[in-house]
Amino acid sequence: KNFLQFVGRATLITTIGGTGAFYFITQRDKHPGPQMPFDPEKKTLVVLGSGWGSTSLLKTLDTTDYNVVVVSPKNFFLFTPLLPSVAVGTLNNRSIIQSIRYITRHKARNVSVIEAEATDVDPFNKTITFKDTSEIKGAVSSTTIPYDYLVYGVGAETQTFNIPGVKEHACFMKELHDAERFQNEFIDCKCLETAAFPGQDPQEVERLLHMVVVGGGPTGVELSGELHDYLEDDLKSWYPELAGKIRITLVEALPSVLPMFSKQLIDYTESTFKESKIDILTKTMVKEVKERSVVLQMPDKSIKEMPCGLLVWAAGNRGRKITQDLMAKLPDAQTNKRGIMVDDFLRMKGAEDSIFAIGDCTATSYAPTAQVASQQGAYLARQLHHMAKRDQLVEKLGKLESLAATVPDEEEKKKALREVEVSKKQLAKIKLRPFEYSHQGSLAYIGSDKAIADLPFMNGNLATGGVATYLFWRSAYLSTLFSLRNRTLVATDWLKVKLFGRDVARD
Ligand code: FAD
Ligand code: NAI
């Protein structure tokens, strides 16, 4: 009896304590305190983008060192790994985004956030031009500002290889609006409800219910897996007459899907997809996308036209126009078409003294992943702190040296020279270290409550897949989410789907 009383009390105290702490954290985060204003003595640091790289930089950055300006067409950070879950309605779209002001308002010095798209970077005059791309514009919608240092983190856009019809007819899976568009088109205008219309021709129903995903990289695989779950968990209940006719085909030009994962995980994914009735067409290249079909070059080089209701294009990355334009301004140093070339300190080659580039917009030996971008962002924030110290010391040294050279009083001169020596020693201690990437492993969800993971383990690799890995996948992403708010919303969405299923209604 005493033991039960003890357990009861302990549970009550933990619940009250936990709820109190949760409430305290949310309220503290909700009402950030006053910030220091811009300091005209400080250098201006402009950060382009609010994605993985730039957000990680802003989180770590000591804003007392600089006057920081953030320019991004989206005023939020998007947690891309869970984007396919939004596409099928497992998660709400607002659950995986967080306003960038949430970070900047918690910094010591005020950070200016501008929702705009950078249109031009002038590396010679050190200016950026940006424009307001929102529908409603004020009297001024484009302007140019100077920078001392620029952090270039604009990411990449989806690669189309200029294949005819891709831009016009395919859905992408890169931005939040892509997932929203997919949800709309899948449920209503292109597929399910149209297929359910009375008297629909059987061949047309078959076409409407055929989903094609192009690209067997992690984006295509995760989306196919999520689509399969949606079909099994919900559509079978709410569209019983259609569910058996829904087909998912994954098209990949290479001999296998997920080339970056180990062989056994590739095999595991392919066999899971087989069980899930997801067709994988490898060594098959998309040549054209039409409104109602996709043209394929089959492994034997024959051409086949496959009818489909909805096609998702996830065929990799390519540099944005602004990145190509910037690289074209430094043609001798920027010779890699894949993206911006940087040195070991993430300084853009050709503009080493002022531009740093991070994440998917760069061409490095690392894969274009969130992991790389966020490590680069955090590294750069630490570098910028050292650089601020260095710049201050260089300025101080200059002043002391000119004082020592001009001051008539001998004692004053000696004092200045002593200080020059001290500053020189301090300056010599500031050593900028090159960026080193630490790979934490690769994870991907493959549907049917299964995930795969290649994890570094004791100087080797641990390849694992299945339901336990799925639980690991969930907890890993839950803990990586941006804020307590995001974690709470995502966990609540998962619980809601477990209890009530996904929402198939559309407004
Ligand atoms: P982004 O995060 O794309 O951010 C670029 C930012 O620049 C955005 O805020 C954008 O609005 C802004 N911007 C664009 N144009 C301009 C402009 N002209 N001026 C100013 N700002 C601009 N990686 C993993 O490691 N693990 C995963 O599980 C994973 N899952 C993914 C799932 C999906 C569906 C996708 C699409 C990607 C996934 N990735 C994953 C890859 C990861 O999202 C990218 O590598 C990462 O986003 C790169 O970060 P970034 O900061 O370079 O670019
Ligand atoms: P990707 O570049 O990894 O894969 C694209 C695939 O599309 C390639 O395998 C390519 O062969 C194929 N392809 C290209 N053109 C084609 C055509 N015409 N016909 C058929 N197939 C074609 O791109 P993805 O998946 O968008 O990923 C981009 C980056 O984001 C990668 O670095 C990836 O590692 C990262 N990412 C990581 C995730 C994870 O770790 N879970 C999830 C999603 C993305």
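When a ligand or atom number is given, it counts from 1 through the structure's own listing order. Position 1 is the first residue of the sequence; numbering continues from there.
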| message | Can you report which non-hydrogen protein atom sits closest to atom 51 (O) of ligand 1, along with the distance? | response | G53 N, 2.8 Å
| remark: Note: ligand 1 atoms sitting under 4.0 Å from heavy atoms of G359 are 52 (O)
| For ligand 1, does V71 get within less than 4.0 Å through its side chain, its backbone, both, or neither, judged by non-hydrogen atoms? | backbone
| task | Looking only at distances, please establish whether an N/O atom of ligand 1 is found under 3.5 Å from an N/O atom of S54. | result | no
| Plane angle bin for Y477 and F79 - parallel if under 30°, tilted between 30 and 60°, otherwise perpendicular | perpendicular
| task | Nearest 0.5 Å please: distance from the CG atom of L455 over to the OG1 atom of T469. | result | 8.0 Å
| What do we get for F161 next to ligand 2 when only non-hydrogen atoms under 4.0 Å count, side chain, backbone, both or neither? | side chain
| request: Please report which non-hydrogen protein atom sits nearest to atom 36 (C) of ligand 1, along with the residue it belongs to and the distance in Å to one decimal place. | output: M173 O, 3.4 Å
| field | The one among S50, G51, A476, A116 that brings a heavy atom closest to atom 1 (P) of ligand 1 | value | G51
| said: Given P73, A118, G339, identify the one with the heavy atom nearest to atom 21 (N) of ligand 1. | reply: P73
| message | Using the side chain to side chain donor-acceptor pair (under 3.5 Å) criterion, which residues pair with Y437? Sequence neighbours excluded. | response | Q371, H439
| remark: If we number the atoms of ligand 1 from 1 as shown, the ones under 4.0 Å from a heavy atom of D360 are 44 (C), 45 (O), 46 (C), 48 (C), 52 (O)
| query | Heavy-atom contacts under 4.0 Å between P81 and ligand 1: side chain, backbone, both, or neither? | reply | both
| Nearest protein heavy atom with distance in Å, relative to atom 26 (N) of ligand 1 | Y477 OH, 3.8 Å
| task | List for me each residue that meets side chain to side chain donor-acceptor pair (under 3.5 Å) alongside D300, sequence neighbours excluded, and say none if there are none. | result | S302
| said: Please compare T219, N317, T284, V213 and report which has the shortest non-hydrogen distance to atom 27 (O) of ligand 2. | reply: T219
| request: Just say parallel, tilted or perpendicular for the rings of F435 and Y379, cut-offs at 30° and 60°. | output: perpendicular
| ligand 1 N/O within reach of P84 N/O, cut-off under 3.5 Å | no
| query | Is T219 in polar range of ligand 1, meaning some N or O pair under 3.5 Å apart? | reply | no
| query | Which of parallel (below 30°), tilted (30 to 60°) and perpendicular (above 60°) describes Y445 and Y470? | reply | tilted
| What protein heavy atom sits nearest atom 12 (C) of ligand 1, and how far off is it? | G49 CA, 3.7 Å
| request: For ligand 1, find out whether one of its N or O atoms is nearer than 3.5 Å to an N or O atom of L443. | output: no
| Nearest-option assignment for atom 29 (C) of ligand 2, heavy atoms, candidates A315, S256, P368 | P368
| Is there a nitrogen or oxygen of E117 sitting under 3.5 Å from a nitrogen or oxygen of ligand 1? | no
